[in-house]
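A short worksheet on the structure shown next.
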Amino acid sequence: MTLVVQKFGGTSVGSVERIQKVAQRVYKTAQEGKQVVVVVSAMGKTTDELVTLAQQVSDQPSRREMDMLLSTGEQVSIALLSMALQELGQPALSLTGAQVGIVTETAHSRARILEIKRYRVQRHLDKGEVVVVAGFQGISSSEDLEITTLGRGGSDTSAVALAASLQADFCEIYTDVPGILTTDPRIVPEAALMSEITCDEMLELASLGAKVLHPRAVEIARNYGLTLVVRSSWSDEPGTKVISPLAQSRSLSGLEIGKAVDSVQLDTSQGQVALLRVPDSPGIAGQLFGEIATQDVDVDLIIQSIHEGNTNDIAFTVQRDVVKTAEAVASAIAPSLRTSDQPNEAEVMTKPKIATVAITGAGMIGRPGIAAKMFNTLAEANVNIRMISTSEVKVGCVIEEADGDRAVNALCQAFDLKSSPVSPHAEKNDHPPVRGVALDMNQAQVAMLHVPDYPGRAAKIFGRLAEEQISVDMIIQSQRSRLVNDIPSRDIAFTVSQADLEITQKTLNQLLPEIGAQEILLDQEIAKVSLVGAGMIGNPGVAAKMFSSLSEEKINIQMITTSEIKISCVVSKSQGQTALQVIHKVFDLGIN
Ligand code: ADP
Ligand code: ASP
Ligand code: MG
């Protein structure tokens with residue numbers, strides 16, 4: 001018998017009428033002879049209202065009490081939906097997360113699912129009942145049986161985890177938009193519906209601010225090869241299919257805490273070119289990568305560091321056989337960037353042979369310790385990191401070629417991986433170069449200036465932040481090495497969520513004397529705009545087009561990072577929405 005998990009979000013169960021509509025849809029599915037497990041969110045804005053209530057009582061309520069409070073929202077909607085189903089003559093019953101046995105870690109307000117017991121749900125399904133489960137909540141594995149929540153937006157994760165555990169045929173996420181759109185329709189009304197998207201692309205988009213799916217839900221679907229569909233609660237249109245890799249046989253215990261790192265990859269086919277001290281004004285990245293694309297050179301990693309004074313460094317890697325071409329382009333541009341008051345600026349630095357070593361794995365999302373562990377492992381193996389580039393599911397480091405094997409061996413040991421697959425260079429594929437764009441306005445930029453350049457400093461900084469449970473993103477290290485008190489030093493910049501800014505600042509201030517850095521710069525007025533597409537691999541020119549479109553709107557790029565399927569730029573907060581609209585338009589993603 002077909003088993004389906006259907007999840008309905010807050011808006012979809014926002015009123016009695018809507019709950020009745022949902023009941024009809026569920027009833028119809030059951031009438032088709034399918035077994036149905038329904039997961040619901042709290043009604044409408046209930047969770048937000050509960051948060052506001054708590055704030056009226058306490059400035060910093062304990063996470064435990066917040067979980068106790070917020071988990072009540074879902075308890076209302078499951079009961080009402082079950083009643084509505086029963087009214088239609090459909091046998092149904094509601095169960096809280098604890099009653100199902102959605103067992104989680106104790107980490108309140110961000111608990112990961114360890115395991116979901118199957119017997120109770122299965123027993124009711126076998127009796128022909130629809131089981132209505134409260135999303136977003138679980139029960140801790142500790143003796144105390146604490147009520148936990150999975151983090152805001154976590155009902156998606158409840159639904160997908162249930163589908164994986166029950167080995168459902170598919171999981172449908174019903175929401176208030178027709179499916180996954182090319183970008184957030186509230187900012188870009190002409191956002192278009194996608195008929196499909198790969199899990200990898202969705203994982204990046206979801207983590208980069210596309211709120212339509214909880215990133216951890218995508219992670220589970222990907223790990224268990226589950227078929228996931230996002231569609232509208234108001235229509236019968238097919239919505240968007242999230243394409244998972246082939247189903248793997250994977251243990252269902254430790255559901256969300258399996259190995260964080262799936263593979264370590266070494267690529268020794270690359271060289272690095274950097275353009276140093278370019279003026280901090282719109283247009284230069286666009287010009288540089290535009291020229292490079294004209295030469296049909298595919299650029300792999302791109303990073304642009306924060307500006308020191310009023311100049312930037314832009315560094316990138318390309319295949320070795322085209323390093324000379326890329327260098328020539330950079331050298332041709334450099335003189336035009338020198339201004340009369342800065343005649344010695346804009347210099348090209350080339351390193352024809354470098355290696356990149358990367359760790360990948362969807363399980364590293366929201367686990368700040370993983371990147372830190374990588375840096376620490378490299379430091380202990382005495383490997384100096386030249387460039388760092390992170391995405392949600394990958395941390396890549398550019399290192400000296402001679403250090404490659406040592407780095408891989410150390411990382412395989414540290415992350416308990418047997419083989420060390422040498423990365424096949426990512427292959428051209430049939431996916432569109434740009435699938436969607438996303439905007440994240442909740443980040444802040446942090447820079448640590450003049451950090452002495454020796455192995456271990458990245459490990460120290462990010463290790464300490466990880467201890468405080470602070471997730472960092474877009475870690476960038478400047479290319480320019482300067483002598484400070486005769487010690488070569490570099491700047492390191494990264495982004496953190498604004499909510500973590502205060503604790504980040506405190507932690508870094510304590511660390512400053514210890515690592516001998518000179519200054520910390522913070523900027524809250526930033527927005528991160530990102531573009532995602534699996535088909536950008538082997539398609540030169542995507543980055544250039546993005547950068548040029550921003551410069552045409554006079555939008556200055558403060559930071560750049562890339563991964564194989566993503567390019568992210570930090571711009572000023574006031575220009576974030578315009579940046580998103582411009583990029584969406586230039587790639588022709590909207591409804592015509
Ligand atoms: P639910 O309550 O059903 O879980 P959410 O509000 O969490 O719904 O997520 C759906 C909302 O996500 C949409 O109403 C839309 O405003 C927003 N959104 C942001 N980015 C996207 C995107 N790329 N595609 C679709 N919706 C998006
Ligand atoms: N009700 C919870 C929230 O608003 C969970 C969810 O809707 O997914 O965050
Ligand atoms: Mg949601």
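It should be emphasised that the depicted structure is a prediction, and the values quoted were computed from it without experimental measurement. We count ligands from 1, going down the list as the structure has it; atoms in each ligand are counted the same way.
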Result block: side-chain N/O donor-acceptor pairs under 3.5 angstrom for residues 525-535, not counting sequence neighbours:
unit_1, atom_1, unit_2, atom_2, d
K528, NZ, D473, OD2, 2.2
S530, OG, S568, OG, 2.8

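Under the 3.5 Å distance criterion, with hydrogens and angles disregarded, no donor-acceptor pair is assigned to the side chains of E196 and T240.
Closest protein heavy atom to atom 6 (C) of ligand 2: S155 OG, 3.3 Å.
For the side chain to side chain donor-acceptor pair (under 3.5 Å) test, no residue two or more places apart in sequence or in another chain qualifies with Q137. Scanning for side chain to side chain donor-acceptor pair (under 3.5 Å) contacts around D67 gives H108, T149, with sequence neighbours left out.
For G153, a nitrogen or oxygen atom sits less than 3.5 Å from a nitrogen or oxygen atom of ligand 2, counting backbone and side chain alike. Taking distance alone, with nitrogen or oxygen atoms compared against 3.5 Å, S41 approaches ligand 2 more closely than that limit. Looking at ligand 2, you'll find an N or O of E74 within less than 3.5 Å of one of its N or O atoms.
Between E105 and R112 there is no salt bridge, since no side-chain N of the basic residue sits under 4.0 Å from a carboxylate O of the acidic one. Salt-bridge formation is not detected for the pair D156/K211: no Lys NZ or Arg NE/NH1/NH2 atom is positioned less than 4.0 Å from an Asp or Glu carboxylate oxygen.
For E32, the CD atom sits in a packed shell: over 12 heavy atoms of surrounding residues, nucleotides or ligands are nearer than 6.0 Å.
Close approach of ligand 2 to G154 (heavy-atom distance below 4.0 Å) involves ligand atoms 5 (C), 8 (O). Proximity to R152 (heavy-atom distance under 4.0 Å) selects the following atoms of ligand 2: 3 (C), 4 (O), 9 (O).
With a 4.5 Å cut-off on side-chain heavy atoms, M43 and I19 count as touching.
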inquiry  = Set out, in order, the CA-CA distance, both residues' side-chain angles and the distance that settles salt bridge (charged side-chain N to carboxylate O under 4.0 Å, His left out) for R231 and E172, then state yes or no.
reply    = CA-CA 7 Å; R231 48 193 298 201; E172 294 178 318; 2.8 Å; yes

Can you produce the list of protein nitrogen or oxygen atoms under 3.5 Å from a nitrogen or oxygen of ligand 1, alongside each distance?
unit_1, atom_1, unit_2, atom_2, d
ligand 1, 2 (O), G10, N, 3.1
ligand 1, 3 (O), T175, OG1, 2.7
ligand 1, 4 (O), K7, NZ, 3.1
ligand 1, 6 (O), K211, NZ, 3.1
ligand 1, 8 (O), T175, OG1, 3.2
ligand 1, 14 (O), D176, OD1, 2.8
ligand 1, 14 (O), D176, OD2, 3.3
ligand 1, 16 (O), R186, NE, 3.0
ligand 1, 23 (N), L181, O, 2.9
ligand 1, 24 (N), L181, N, 2.9

